[in-house]
Amino acid sequence: MASSLAYSKSLLGGARADGVSGLGFRQPSDLRRLSSTAVQIPIRRRTSLPQRSLEVRAGGDKFGKHFEVATYGESHGGGVGCVITGCPPRIPLSEEDLQFELDRRRPGQSRITTPRKETDTCRILSGIYEGMTTGTSICVFVPNTDQRGHDYSEMSIAYRPSHADATYDFKYGLRAIQGGGRSSARETIGRVAAGAVAKKILRMYAGTEILAYVSQVHKVVLPEGVVDNETVTLDQIESNIVRCPDPEYAQKMIEAIDAVRVRGDSVGGVVTCIARNVPRGLGCPVFDKLEADLAKAMLSLPATKGFEFGSGFAGTFMTGSEHNDEFYMDEHGNMRTRTNRSGGIQGGISNGETISMRMAFKPTSTIGKKQKTVTRERHETEIIARGRHDPCVVPRAVPMVEAMVALVLLDQLMAQTGQCGLFPVDPALQQQIVPAPNGSLLTPKLA
């Protein structure tokens, strides 16, 4: 640790062959500017050449272009949360709206989740007036109350296999050891809080419903067709601790998690997510395709290892005539597809059918079994990780997945409205099959 600090000091203050004096930090307080999104670092030269500036943009904490979310905080810091920028005004919003989703995500829910006890009680610090969004930034804060820093003493010396410990050191030269810092799944509290806002707006605008459920735990796989994605409900999903809507397979999944939990081991699984009543036209050609944004959102979640939508990899075993979704006219005069192997997205743009996707989550990397590793001083050793961790992350990943899908859909909806909603649409080509927005919900009732 001391050698790392010494190296950092020499790097910041040392002279270079080109005449630049370190990075040009004049005072220790200048280092604080690195916490902002963009930092202007003056480079001083020993010659009389004009002064130049080096702009450093810190990435990784923001998501979205129109409905922008920045998360903050670390597992064992004072708290975690998010700042939402771009939220439409006059949306009825309360802390209870957010708390419902946060309660689904919080630790200590059952024996198959981490035993860490946190209430995850949220506070909205800005952006709300008399129960309505103002259109300004919304800041949400959730305090950390059950930290156990001593559980991570071994991890300050040796790296946990398959965890972010080593790569954070590779990138930054230091890391927050207790709880894994920003690599902890506790960071997702900010995502779930922001996702609750996005879900409410989507529901008000188009009746959009986003539901996720566990479809696989280790080798227990929910067969295709057991759950009807057009009729499955939140109550069915929340009826058991593993969040699988089929009772028979839910019990098998719980038993699979229990089997490894008592051995100090872990397993992974798959979360299926659907979005019903999604407006047509969301997504942009080429680089901002809807499925591309969804893939980035899903793979940004901790422990994710795979993403597929629609027929996914299974579609590679079909011919074009078998895979194509044929069009037809329904009884209401809407053009629909008879099948939905496209997963509700064609050409990167939503077609109004149910969007379906699946995410693979690896086994939790922090386990209570002895493993071989290397210390920060490059010595081989063994480690048994302590701390409180989920034996399987997928039950608590369900609300995280829903939140990220909601953030993508709302961001794309705002982009679509801004570009294609300025003038009247062509009803012959741009007909929606979702209900029109309920404008009465946006107007406060007068006493």
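Heavy-atom basis, side chains included; hydrogens, waters and symmetry copies ignored.
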One pair to check against side-chain contact (heavy atoms from CB on, under 4.5 Å): Val405 and Met298. What are the steps and the verdict?
CA-CA 8 Å; Val405 171; Met298 294 302 105; 3.6 Å; yes
Would you check, one step at a time, whether the test side chain to side chain donor-acceptor pair (under 3.5 Å) holds for Thr134 with Thr136?
CA-CA 5 Å; Thr134 63; Thr136 58; 2.6 Å; yes
[X] side, atom [atom1]; [Y] side, atom [atom2] - distance, nearest 0.5 Å:
X      : Y      : atom1 : atom2 : answer
Leu290 : Gln346 : CG    : CD    : 12.0 Å
Met414 : Tyr205 : CE    : OH    : 11.0 Å
Arg160 : Ile367 : CZ    : CD1   : 11.5 Å
Leu125 : Ser137 : CG    : OG    : 12.0 Å
Met335 : Arg280 : CE    : CZ    : 6.0 Å
Ile433 : Asn277 : CD1   : CG    : 8.0 Å

Please tell me if the side chains of [X] and [Y] come closer than 4.5 Å, counting only heavy atoms from C-beta onward.
X      : Y      : result
Phe361 : Val401 : yes
Tyr159 : Arg175 : yes
Ile210 : Ile274 : no
Tyr213 : Asn229 : yes
Ile128 : Thr133 : yes
Ile112 : Val242 : yes
Leu409 : Ile355 : yes
Leu407 : Phe63  : yes

Using the salt bridge (Lys or Arg N to Asp or Glu O under 4.0 Å) rule, take Glu353 and Arg336 through it: C-alpha gap first, then chi angles, then the decisive distance, then the call.
CA-CA 7 Å; Glu353 304 295 338; Arg336 306 292 298 274; 2.9 Å; yes
Passing candidate, side chain to side chain contact (heavy atoms under 4.5 Å, CB included) with Cys82, options Val142, Val197, Leu98, Val140:
Val140
Closer than 3.5 angstrom, by distance alone: can the side chain of [X] be matched with the main-chain N or O of [Y] as a donor-acceptor pair?
X      : Y      : result
Arg341 : Glu322 : yes
Asp293 : Ala297 : no
Arg191 : Glu187 : no
Asp97  : Ser94  : yes
Glu308 : Phe313 : yes
Ser350 : Leu282 : yes
Asp330 : Asn334 : yes
Thr272 : Arg358 : no
Asp265 : Val260 : no
Thr304 : Gly306 : no

Begin from the C-alpha positions of Lys65 and Asp288 and carry the test side-chain contact (heavy atoms from CB on, under 4.5 Å) through to its verdict.
CA-CA 11 Å; Lys65 298 177 180 178; Asp288 292 327; 3.1 Å; yes
How close do [X] and [Y] get, counting heavy atoms only, and between which atoms?
X      : Y      : result
Ala360 : Val270 : CA-CG2, 4.4 Å
Gly79  : Phe141 : CA-CE1, 3.7 Å
Pro399 : Val192 : O-CG2, 4.1 Å
Leu102 : Cys122 : CD1-CB, 3.6 Å
Pro92  : Met204 : CD-CE, 3.8 Å
Lys199 : Ala406 : CG-CB, 3.5 Å

What residues, two or more places apart in sequence or in another chain, satisfy ring-ring contact (aromatic ring centres under 6.0 Å, His included) together with Tyr172?
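Tyr172: ring-ring contact (aromatic ring centres under 6.0 Å, His included) contacts with Tyr168.
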Considering only NZ, NE, NH1 and NH2 on the basic side and carboxylate oxygens on the acidic side, decide whether [X] and [Y] come within less than 4.0 Å.
X      : Y      : answer
Glu238 : Arg243 : yes
Asp120 : Arg105 : yes
Arg276 : Glu230 : no
Arg203 : Glu209 : no
Glu255 : Lys252 : no
Glu74  : Arg182 : no

Under 3.5 Å side-chain donor-acceptor pair for [X] and [Y]:
X      : Y      : value
Asp325 : Ser342 : yes
Arg396 : Thr188 : no
Thr119 : Thr121 : yes
Ser162 : Ser365 : no

Should Val83 and Ile138 be marked as a side-chain contact (heavy atoms from CB on, under 4.5 Å) after you check the CA-CA gap, both sets of side-chain angles, and the distance that decides it?
CA-CA 6 Å; Val83 176; Ile138 299 172; over 6 Å; no
Heavy-atom neighbours of Tyr129 OH exceed 12 at 6.0 Å
no
Any chance you could lay out the side-chain contact (heavy atoms from CB on, under 4.5 Å) test for Glu326 and Thr339, step after step, and finish with the verdict?
CA-CA 7 Å; Glu326 294 183 343; Thr339 54; over 6 Å; no
